Amino acid sequence: MKPQSIKLFDYFYLGAMFFGLLGFISGYDVLKAQLAAQSTASGISIPPVVLLIAYAVGAAIGLLLWYLVSHKRLIIAKWIIVLLFLISLMGVGDYFAGAMPLSEIYGLLGLIAQAVAVGLLFRGDAIRWLEGKDSAAEPEDTPVDPT
């Protein structure tokens with residue numbers, strides 16, 4: 001059975017992905033306009049469907065990492081999630097430069113939810129569970145038979 005930390009990780013990680021989806025939907029028009037401007041400037045025509053494909057691939061990778069941690073207990077997936085979170089922190093200053101549209105508010109909420117999810121992976125019960133040690137199997141939790 002999953003410990004409480006992993007159950008909470010599921011909620012916060014999937015919640016962060018949901019905020020990411022809301023941010024993508026609310027900022028899609030701006031992204032499409034930026035892509036069109038870059039396409040015009042570079043002379044290379046890139047269709048807007050590329051944005052949808054890129055988001056779908058990113059979301060699929062995120063869901064795969066969640067599945068590998070939450071259901072398959074792969075520690076390497078935990079560290080990939082941590083690494084991707086740390087990389088996403090490099091752009092946190094952009095959220096506070098100028099006006100904050102709705103898509104950036106969703107992005108910031110998603111980043112906060114992801115921070116909580118990553119933190120939950122480092123609680124004692126989550127570490128034991130990921131290492132394959134169930135809390136019921138701990139030596140100090142098993143009663144000693146006096147006979």
Side-chain angles (χ1 to χ4, degrees), residues 1-138 140-141:
M1 182 166 193
K2 286 184 186 180
Q4 186 66 23
S5 293
I6 296 297
K7 290 177 185 177
L8 289 172
F9 164 77
D10 291 347
Y11 294 136
F12 279 99
Y13 188 82
L14 294 174
M17 291 192 69
F18 180 70
F19 281 126
L21 175 64
L22 291 176
F24 179 76
I25 291 170
S26 64
Y28 180 72
D29 292 333
V30 173
L31 288 173
K32 195 164 68 169
Q34 289 175 346
L35 181 66
Q38 289 174 354
S39 295
T40 303
S42 67
I44 300 171
S45 178
I46 301 172
V49 73
V50 169
L51 295 171
L52 297 171
I53 293 170
Y55 178 80
V57 168
I61 290 170
L63 286 173
L64 175 65
L65 289 170
W66 165 76
Y67 175 78
L68 292 175
V69 168
S70 182
H71 294 282
K72 294 297 182 181
R73 299 182 182 191
L74 282 180
I75 294 175
I76 188 70
K78 166 188 165 178
W79 289 108
I80 292 171
I81 287 173
V82 171
L83 177 66
L84 292 174
F85 170 69
L86 291 175
I87 290 170
S88 70
L89 285 180
M90 292 183 349
V92 76
D94 296 339
Y95 287 115
F96 303 107
M100 187 179 281
L102 185 60
S103 62
E104 287 186 7
I105 293 171
Y106 287 137
L108 187 58
L109 290 173
L111 188 65
I112 292 168
Q114 191 176 17
V116 173
V118 166
L120 288 166
L121 291 176
F122 290 95
R123 292 179 65 186
D125 59 342
I127 292 171
R128 284 190 301 275
W129 186 79
L130 286 169
E131 291 175 349
K133 302 174 187 170
D134 291 333
S135 59
E138 292 293 320
E140 53 269 6
D141 291 343

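Everything numeric in this text was worked out from a predicted model, so none of it was measured. By convention here, the first residue in the shown sequence is residue 1.
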**Student:** For a quick test of reading the model, state the closest non-hydrogen atom pair linking Ala117 to Phe12 and the distance between them.
**Tutor:**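 Ala117 and Phe12 have their closest heavy atoms at CB-CB, 3.8 Å.
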**Student:** To the closest 0.5 Å, what do you measure between OG1 (Thr40) and CD1 (Ile46)?
**Tutor:**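 Rounded to the nearest 0.5 Å, the OG1-CD1 separation comes out at 10.0 Å.
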**Student:** Indicate the atoms forming the closest heavy-atom contact of Lys7 with Lys2, along with that distance.
**Tutor:**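 Minimum heavy-atom separation between Lys7 and Lys2: CE-O, 3.4 Å.
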**Student:** Does the side chain to side chain contact (heavy atoms under 4.5 Å, CB included) test come out yes or no for Leu51 and Gln34, once each step is laid out?
**Tutor:** CA-CA 11 Å; Leu51 295 171; Gln34 289 175 346; over 6 Å; no
**Student:** Nearest 0.5 Å, please: how far is CD1 in Ile80 from NZ in Lys78?
**Tutor:**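 Here the interatomic distance stands at 13.0 Å.
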**Student:** Measure from the side-chain N and O atoms of Tyr13 to the backbone N and O of Gly62, and report whether any donor-acceptor pair falls under 3.5 Å.
**Tutor:**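 Confirmed, Tyr13 side chain pairs with Gly62 backbone.
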**Student:** To the nearest 0.5 Å, what is the distance between CG on Leu111 and CZ on Phe85?
**Tutor:**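 Atom-to-atom, Leu111:CG and Phe85:CZ are 5.5 Å apart.
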**Student:** Does the pair Ile6 and Leu120 meet the rule for a side chain to side chain contact (heavy atoms under 4.5 Å, CB included), with working shown?
**Tutor:** CA-CA 7 Å; Ile6 296 297; Leu120 288 166; over 6 Å; no
**Student:** I'd like to know whether Leu86 forms a side chain to side chain contact (heavy atoms under 4.5 Å, CB included) with Val82, so could you lay out the CA-CA distance, the side-chain angles of the two residues, the decisive distance to 0.1 Å, and finally the verdict.
**Tutor:** CA-CA 6 Å; Leu86 291 175; Val82 171; 4.1 Å; yes
**Student:** To the nearest 0.5 Å, tell me how far Leu14 CG sits from Leu21 CG.
**Tutor:**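 Taking CG in Leu14 and CG in Leu21, the distance rounds to 12.0 Å.
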**Student:** Treating Tyr106 as the side-chain partner and Phe24 as the backbone partner, does any N or O pair qualify as donor plus acceptor under 3.5 Å?
**Tutor:**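 Between the backbone of Phe24 and the side chain of Tyr106 there is no qualifying donor-acceptor contact (under 3.5 Å).
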**Student:** Looking at Leu102 and Ser26, what are the two nearest heavy atoms and their distance?
**Tutor:**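 That closest heavy-atom pairing would be C-OG, 4.0 Å.
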**Student:** Between CG of Asp10 and OG of Ser5, what distance do you get to the nearest 0.5 Å?
**Tutor:**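 If I round to the nearest 0.5 Å, the distance is 11.0 Å.
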**Student:** Work out which heavy atom in Gln114 is nearest to a heavy atom in Ala16; give both atom names and the distance.
**Tutor:**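 That would be N-CB, 3.8 Å.
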**Student:** Closest approach of Val69 and Leu130, non-hydrogen atoms and distance?
**Tutor:**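 Scanning both residues, the minimum pair turns out to be O-CD2, 3.7 Å.
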**Student:** Could you please spell out the steps behind the side chain to side chain contact (heavy atoms under 4.5 Å, CB included) verdict for Leu31 and Tyr55?
**Tutor:** CA-CA 12 Å; Leu31 288 173; Tyr55 178 80; over 6 Å; no
**Student:** Would you check if Leu84 and Leu65 make a side-chain contact, meaning some heavy-atom pair closer than 4.5 Å?
**Tutor:**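 In short, these two side chains touch, coming nearer than 4.5 Å.
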**Student:** Checking the side chain of Ser70 only, and the main-chain atoms of Trp66 only, is there a donor and an acceptor separated by less than 3.5 Å?
**Tutor:**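 No, the answer is negative, given that no donor and acceptor are paired below the 3.5 Å cut-off.
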**Student:** Give a yes or no on this: more than 12 heavy atoms of other residues, nucleotides or ligands lie within 6.0 Å of atom CZ of Phe18.
**Tutor:**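 Counting other residues, nucleotides and ligands, CZ of Phe18 stays at 12 neighbours or fewer.
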**Student:** Under 6.0 Å from the CZ atom of Phe122, do we count more than 12 heavy atoms belonging to anything else shown?
**Tutor:**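 Counting neighbours around CZ of Phe122, more than 12 heavy atoms of other residues, nucleotides or ligands fall under 6.0 Å, so yes.
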**Student:** Work out which heavy atom in Glu104 is nearest to a heavy atom in Ala99; give both atom names and the distance.
**Tutor:**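 That would be OE1-O, 3.9 Å.
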**Student:** Report the distance from atom OH of Tyr95 to atom CG of Leu108, rounding to the nearest 0.5 Å.
**Tutor:**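 It is 6.5 Å, given to the nearest 0.5 Å.
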